[in-house]
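Presented below is the structure to which this report refers.
Here is the naming used below: chain letters follow the sequence lines, and residue numbers restart at 1 for every chain.
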Number of protein chains: 2
Amino acid sequence: MFGSHEHNHCIEQALTSAEEKCAENGLRFTPVRRKVLELLLEEHKAIGAYAILDALREAGFGSQPPVAYRALDFLVSHGFAHRIERLNAFVACAHPGEFHAPAFMICTSCNLVTEANTSAVNQALEAAAAETGFKVEQTVIEIEGVCHDCRDADAQ
Amino acid sequence: MFGSHEHNHCIEQALTSAEEKCAENGLRFTPVRRKVLELLLEEHKAIGAYAILDALREAGFGSQPPVAYRALDFLVSHGFAHRIERLNAFVACAHPGEFHAPAFMICTSCNLVTEANTSAVNQALEAAAAETGFKVEQTVIEIEGVCHDCRDADAQ
DNA sequence: ATTGAATTGTTATAAAATCACACGGGGGAC
DNA sequence: GTCCCCCGTGTGATTTTATAACAATTCAAT
């Protein structure tokens, strides 16, 4: 299919870009890490560590939890993926490289997870924290609801 | 101590208030539920389900996980407590009754969890979601950082 | 080639959450 | 009042998620 072909292209591009970024920063973009990022890129849904582990097993990698968790830790800590606390699951980062405090919109109907535009939200959050002298280090912002497409579908 | 006496008073008041609210709404504020809310009110930290379970055991209640989880589900779903996703743990609600989409500030130094002022944050979040036609149903907003008191303490 | 650090593999275990089913008490229908 | 049913509780078992600890391997720099 043309659609999936296009998508494959996007994935390739993202993987290559990640590879370059790792090279620039002296990080090792190993086969396991590459494979996990590829899996995350294939869907715009959040994937659990054990689902990733299954895929790794099928691909001939180690099949014990630490294998998946370590790769995920690497990807998350270097900005290639995010953890969705609400779902105990992971998504590929939509804007790798750009430093950002992300917010996620989780569609409870189709399970798609998208990164929202957060500058105003973060500003408001910083302001609220500043009121009490709280120093922000990390933010978790996750919205559950129904995405545009699913609303339309429901309305029918 | 005078301090803790005062605090006990606050807890009593919160429990009585919860009791009244349940009566008004035809909900049963049972001993287990009361005890769990009491435990949450005793600390302004997030408490894990298994810590609660230990306390329930000591108090002579059932000691299997569902006992704690069911009481917590009740308290959360009726607005007497909140779940902190980041910590897999629970806190008493600071503003029970008032319908609100809460935001939490989690101090990584002293572990205190406080509810932040969120009206501006929620407005910004709604706006960001509206941009893409996303209908917000639930929000998770959790900030990790260092609270005012711990910053002062660190500075010494 | 040699060494040291990072990565991976594996076993085992911990932590968090849910399922399924039995029991009992409280409140409404009559 | 009596009956019955629903809700809440108790319990055992299991599932899901995550980490600890250590051995084996790979890589890069020397």
Checklist entry - Do the ring centers of A:H100 and A:H82 come within less than 6.0 Å of each other? => result yes
Next on the checklist: Run B:S77 and B:D73 through side-chain hydrogen bond (donor to acceptor under 3.5 Å, both in side chains) and show every step you take.
Outcome noted: CA-CA 6 Å; B:S77 66; B:D73 284 350; over 6 Å; no
Next on the checklist: Applying a strict under-4.5 Å side-chain criterion to I, L, V, M, F, W and Y, I'd like to know whether B:L75 and B:I11 cluster together.
Outcome noted: yes
Checklist entry - For the pair made of CZ in A:F61 and P in C:dT10, what is the distance, rounded to whole Å? => result 13 Å
Next on the checklist: Between A:E137 and A:K135 (salt bridge meaning N to carboxylate O under 4.0 Å), is one present in this structure?
Outcome noted: yes
Next on the checklist: Output the rounded distance in Å from CD (B:Q64) to P (D:dT11).
Outcome noted: 7 Å
Checklist entry - Is the closest basic N to carboxylate O distance between B:R83 and B:E85 below 4.0 Å? => result yes
Next on the checklist: Just the rounded figure in Å: distance from P of C:dT7 to CG of A:L56.
Outcome noted: 16 Å
Item to check | ILVMFWY cluster, A:L15 and A:F61 together (side-chain gap under 4.5 Å) | outcome: yes
Next on the checklist: Any residue in residues 23-53 of chain B with a heavy atom nearer than 4.0 angstrom to DNA chain D? Just list them by number, or reply none.
Outcome noted: B:R28, B:T30, B:V32, B:R33
Checklist entry - Which ones in residues 65-85 of chain B lie close to DNA chain D, meaning a heavy atom under 4.0 Å from one of its atoms? => result B:P66, B:V67, B:R70
Checklist entry - Over how many whole Å does the gap from B:N88 atom CG to C:dA14 atom C1' extend? => result 13 Å
Item to check | B:Q123 atom CD, over 12 foreign heavy atoms within 6.0 Å | outcome: no
Next on the checklist: Taking the nucleotide of DNA chain D with the nearest heavy atom to each, does B:G62 or A:A89 sit closer to the 5' end?
Outcome noted: B:G62
Checklist entry - Is any NZ, NE, NH1 or NH2 atom of the basic residue among B:D54 and B:R57 found under 4.0 Å from an Asp or Glu carboxylate oxygen of the other? => result yes
